[in-house]
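Working notes, structure below.
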Amino acid sequence: MGGLGVIPGFDAASGAGGISRAGRIWHGSKAVLSMSRLKCALRGFDLKALLFLLIGVPIIIFVIYVHGQKVTYFLRPIWEKPPKPFTVLPHYYHENVSMANLCKLHGWKIREAPRRVFDAVLFSNELDILDIRWHELSPYVSEFVLLESNSTFTGLEKKLHFKENRQKFEFAESRLTYGMIGGRFVKGENPFVEESYQRVALDQLLKIAGITDDDLLIMSDVDEIPSGHTINLLRWCDDTPEILHLQLKNYLYSFQFMLDDKSWRASVHRYRAGKTRYAHYRQTDDLLADSGWHCSFCFRYINDFVFKMKAYSHVDRIRFSYFLNPKRIQHVICQGADLFDMLPEEYTFQEIIAKLGPIPSTYSAVHLPAYLLEKVDQYRYLLPGNCMRESG
């Protein structure tokens with residue numbers, strides 16, 4: 001019987017062990033071949049690009065999610081042009097100058113008797129600011145007109161704060177036309193729809209108050225306070241513009257943080273039945289310089305800050321729940337920073353860059369509403385150097 005042939009690669013002396021070494025050689029060759037194929041697949045593919053896709057792209061997405069609104073506001077000058085400039089009218093005033101001379105300085109004539117003045121506001125919860133406003137304007141206003149709703153512009157239910165505190169304003173009671181309107185509470189609706197609905201209701205309340213042609217009507221939010229001497233000038237002078245916007249000094253949180261003098265939405269109208277409509281947008285090109293104060297988010301209590309942030313028309317600015325944290329709000333107030341962590345709403349890169357960061361403090365309390373200074377113990381939190389707020 002012939003002998004067995006030797007199988008190539010088989011070591012008879014090693015037996016089964018020879019087969020294992022051969023297997024290892026075969027598997028090793030397969031691994032080398034796989035690596036070679038992987039190298040071929042990755043040949044020409046930049047490792048840095050791969051790392052960018054795996055690490056860089058998620059980071060960019062996260063940054064856009066957190067700071068996307070800032071990027072949008074910063075790039076605003078690229079796609080949005082500034083509005084048409086106002087025609088700014090010089091404003092002359094001194095307490096020792098006669099009204100006849102003041103009217104003449106403005107190019108107007110003096111009247112034999114002053115016009116009636118109606119001050120109309122939509123009210124939410126700004127009790128302290130309303131008190132300061134009405135005392136500032138009281139000597140010159142014929143009728144205070146106030147409308148409040150049990151709904152915020154964003155459809156949240158709220159208390160009738162003025163109704164509950166009406167006794168605080170007894171000094172104005174004989175000249176007060178008060179109205180209450182029920183909210184519509186439409187979920188998911190644009191807040192500006194509810195706001196417009198309430199402003200239309202205020203038009204009707206003005207008619208109930210007895211406004212007539214050529215009476216002066218102040219259209220402004222509660223925290224947009226015209227100076228008393230401005231209203232006195234306009235009620236005594238003839239040939240004034242039928243519609244006149246008021247340039248107000250723009251303060252945030254208190255009279256410590258003056259942002260600029262660009263607040264313009266407040267306006268004074270010579271009333272025309274069937275024509276005059278209560279609104280809060282630009283209605284003319286004429287702007288009277290240095291006519292009062294706009295004190296935005298000027299509240300005593302932290303809870304009021306939280307309420308307004310959730311209640312007013314720009315509720316979409318609350319991008320993260322921690323924005324409403326009381327400790328954060330208190331810190332932001334004392335720093336003069338932005339409650340919504342937003343960039344300035346400007347139309348040029350120069351103005352945006354100039355306003356980056358917290359608002360510088362001012363320690364001047366000159367030319368502020370007189371009642372604020374007369375009641376300093378009551379309203380000290382609104383004066384420079386008093387940024388701490390109460391938690392109630």
Side-chain angles (χ1 to χ4, degrees), residues 121-137 146-154 156-166 168-169 191 195 220-225 248-259 263 265-266 280 292-315 317-318 321-342 358-359 361-362 365 368-369 371-392:
V121 295
L122 290 176
F123 184 77
S124 178
N125 65 332
E126 312 96 328
L127 289 167
D128 286 356
I129 292 296
L130 181 69
D131 190 31
I132 294 169
R133 176 196 181 97
W134 279 6
H135 275 92
E136 174 71 19
L137 298 177
L146 184 145
L147 178 72
E148 73 173 329
S149 173
N150 62 346
S151 167
T152 68
F153 293 157
T154 56
L156 300 175
E157 187 173 357
K158 76 174 188 67
K159 295 180 180 179
L160 299 175
H161 294 283
F162 181 84
K163 184 178 180 180
E164 294 177 358
N165 294 273
R166 189 165 177 168
K168 182 177 180 179
F169 301 92
E195 181 177 349
S220 70
D221 287 349
V222 173
D223 58 7
E224 297 166 339
I225 308 173
L248 308 179
K249 293 179 180 177
N250 212 6
Y251 293 89
L252 189 62
Y253 311 137
S254 71
F255 291 97
Q256 176 173 336
F257 300 106
M258 181 181 167
L259 181 61
S263 179
R265 292 183 181 274
H280 198 235
W293 316 269
H294 180 191
C295 198
S296 185
F297 281 90
C298 290
F299 297 114
R300 182 190 301 272
Y301 301 106
I302 294 293
N303 288 346
D304 288 334
F305 285 85
V306 175
F307 175 81
K308 181 168 182 177
M309 291 172 73
K310 296 190 295 185
Y312 85 142
S313 300
H314 297 289
V315 66
R317 294 178 178 178
I318 306 176
S321 59
Y322 78 86
F323 280 9
L324 302 175
N325 182 284
K327 290 184 178 179
R328 175 189 176 272
I329 291 174
Q330 179 61 79
H331 177 75
V332 167
I333 293 169
C334 287
Q335 292 295 312
D338 191 275
L339 283 169
F340 303 97
D341 195 24
M342 293 174 60
I359 305 170
S361 294
T362 175
L368 296 182
Y371 190 72
L372 170 62
L373 300 180
E374 290 172 358
K375 299 294 182 179
V376 63
D377 291 336
Q378 184 176 349
Y379 295 127
R380 189 178 299 276
Y381 74 94
L382 291 173
L383 295 175
N386 298 276
C387 69
M388 296 303 297
R389 294 298 189 266
E390 300 176 33
S391 59

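The basis for the numbers below is simple: all heavy atoms, side chains too, and nothing from hydrogens, waters or symmetry mates.
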Could you tell me which residues satisfy ring-ring contact (aromatic ring centres under 6.0 Å, His included) with Y253, sequence neighbours excluded, listed by chain and number? none

Test of understanding: with ring-ring contact (aromatic ring centres under 6.0 Å, His included), list the residues that count as partners of Y251, not counting sequence neighbours. F255

In sequence, state the C-alpha distance, the side-chain angles, and the governing distance for I225 and L248, and then conclude on side chain to side chain contact (heavy atoms under 4.5 Å, CB included). CA-CA 8 Å; I225 308 173; L248 308 179; over 6 Å; no

Answer with yes or no whether the side chains of T152 and T154 bring together a donor and an acceptor at under 3.5 Å. yes

Which is it for W293 and L372 under the side chain to side chain contact (heavy atoms under 4.5 Å, CB included) test, yes or no, and what are the steps along the way? CA-CA 12 Å; W293 316 269; L372 170 62; over 6 Å; no

Ionic contact status for R133 with D221, cut-off 4.0 Å: no

Kindly write out the residues that satisfy salt bridge (charged side-chain N to carboxylate O under 4.0 Å, His left out) with K308, not counting sequence neighbours, or none if the list is empty. D223

Just jot down the ring-ring contact (aromatic ring centres under 6.0 Å, His included) partners of Y379, sequence neighbours excluded, or say none. none

Which value, rounded to the nearest 0.5 Å, describes the distance between E126 atom CD and F162 atom CZ? 12.0 Å

Over all heavy atoms of both residues, which pair between V121 and S220 is shortest? Give the atoms and the distance, please. CG1-O, 3.6 Å

Give a yes or no on this: more than 12 heavy atoms of other residues, nucleotides or ligands lie within 6.0 Å of atom NZ of K159. no

Is the shortest side-chain heavy-atom distance between L339 and F323 below 4.5 Å? no

Over all heavy atoms of both residues, which pair between P358 and Q335 is shortest? Give the atoms and the distance, please. CB-O, 3.1 Å

Output yes when a side-chain donor or acceptor of Q256 lies under 3.5 Å from a complementary backbone atom of G385, and no otherwise. yes

Taking the side chain as C-beta and beyond, is there a heavy-atom pair between I302 and I333 under 4.5 Å? yes

Who passes side-chain contact (heavy atoms from CB on, under 4.5 Å) against I359, sequence neighbours left out? L252, F257, L259

Give me the one residue out of E224, R265, E195 that meets side chain to side chain donor-acceptor pair (under 3.5 Å) with H280. E224

Do V332 and F305 pass the side chain to side chain contact (heavy atoms under 4.5 Å, CB included) test, and can you show the C-alpha distance, the side-chain angles, and the key distance before you say yes or no? CA-CA 11 Å; V332 167; F305 285 85; over 6 Å; no

Considering only heavy atoms from C-beta outward, does the side chain of I329 approach that of F299 to under 4.5 Å? no

Donor-acceptor contact present, side-chain Q330 to main-chain C387, <3.5 Å: yes

To the nearest 0.5 Å, what is the distance between CZ on R166 and CG on L146? 9.0 Å

Look up atom CG in N165 and atom CG in L160, then write down how far apart they are to the nearest 0.5 Å. 11.0 Å

Which pairs with one or both residues in residues 380-392 pass salt bridge (Lys or Arg N to Asp or Glu O under 4.0 Å), sequence neighbours excluded? R300-E390, D377-R380

If I compare all heavy atoms of K310 with all of L324, which pair ends up nearest, and what's the gap? CD-CD1, 3.9 Å

The side chain to side chain donor-acceptor pair (under 3.5 Å) partners of K375 (sequence neighbours excluded) come to none

For F307, what residues pass the ring-ring contact (aromatic ring centres under 6.0 Å, His included) criterion, not counting sequence neighbours? none

List the atom of S263, the atom of H294, and the distance in Å for their closest heavy-atom pair. OG-ND1, 3.1 Å

Run the side chain to side chain donor-acceptor pair (under 3.5 Å) test against T362 and tell me which residues pass, sequence neighbours left out. none

Taking the side chain as every heavy atom from C-beta outward, state whether L368 and L382 have any pair of such atoms under 4.5 Å apart. no

Under the side chain to side chain donor-acceptor pair (under 3.5 Å) test, which residues partner S254, sequence neighbours left out? none

Just jot down the salt bridge (charged side-chain N to carboxylate O under 4.0 Å, His left out) partners of K158, sequence neighbours excluded, or say none. E148

Straight-line distance of L130 CG to D128 CG, nearest 0.5 Å: 9.5 Å

At what distance, to the nearest 0.5 angstrom, does NZ of K168 lie from CG of L127? 5.5 Å

Does a side-chain heavy-atom distance below 4.5 Å link W134 with Y371? no

I need the full list of salt bridge (Lys or Arg N to Asp or Glu O under 4.0 Å) pairs touching residues 326-340, with sequence neighbours left out, sorted by first then second residue. none

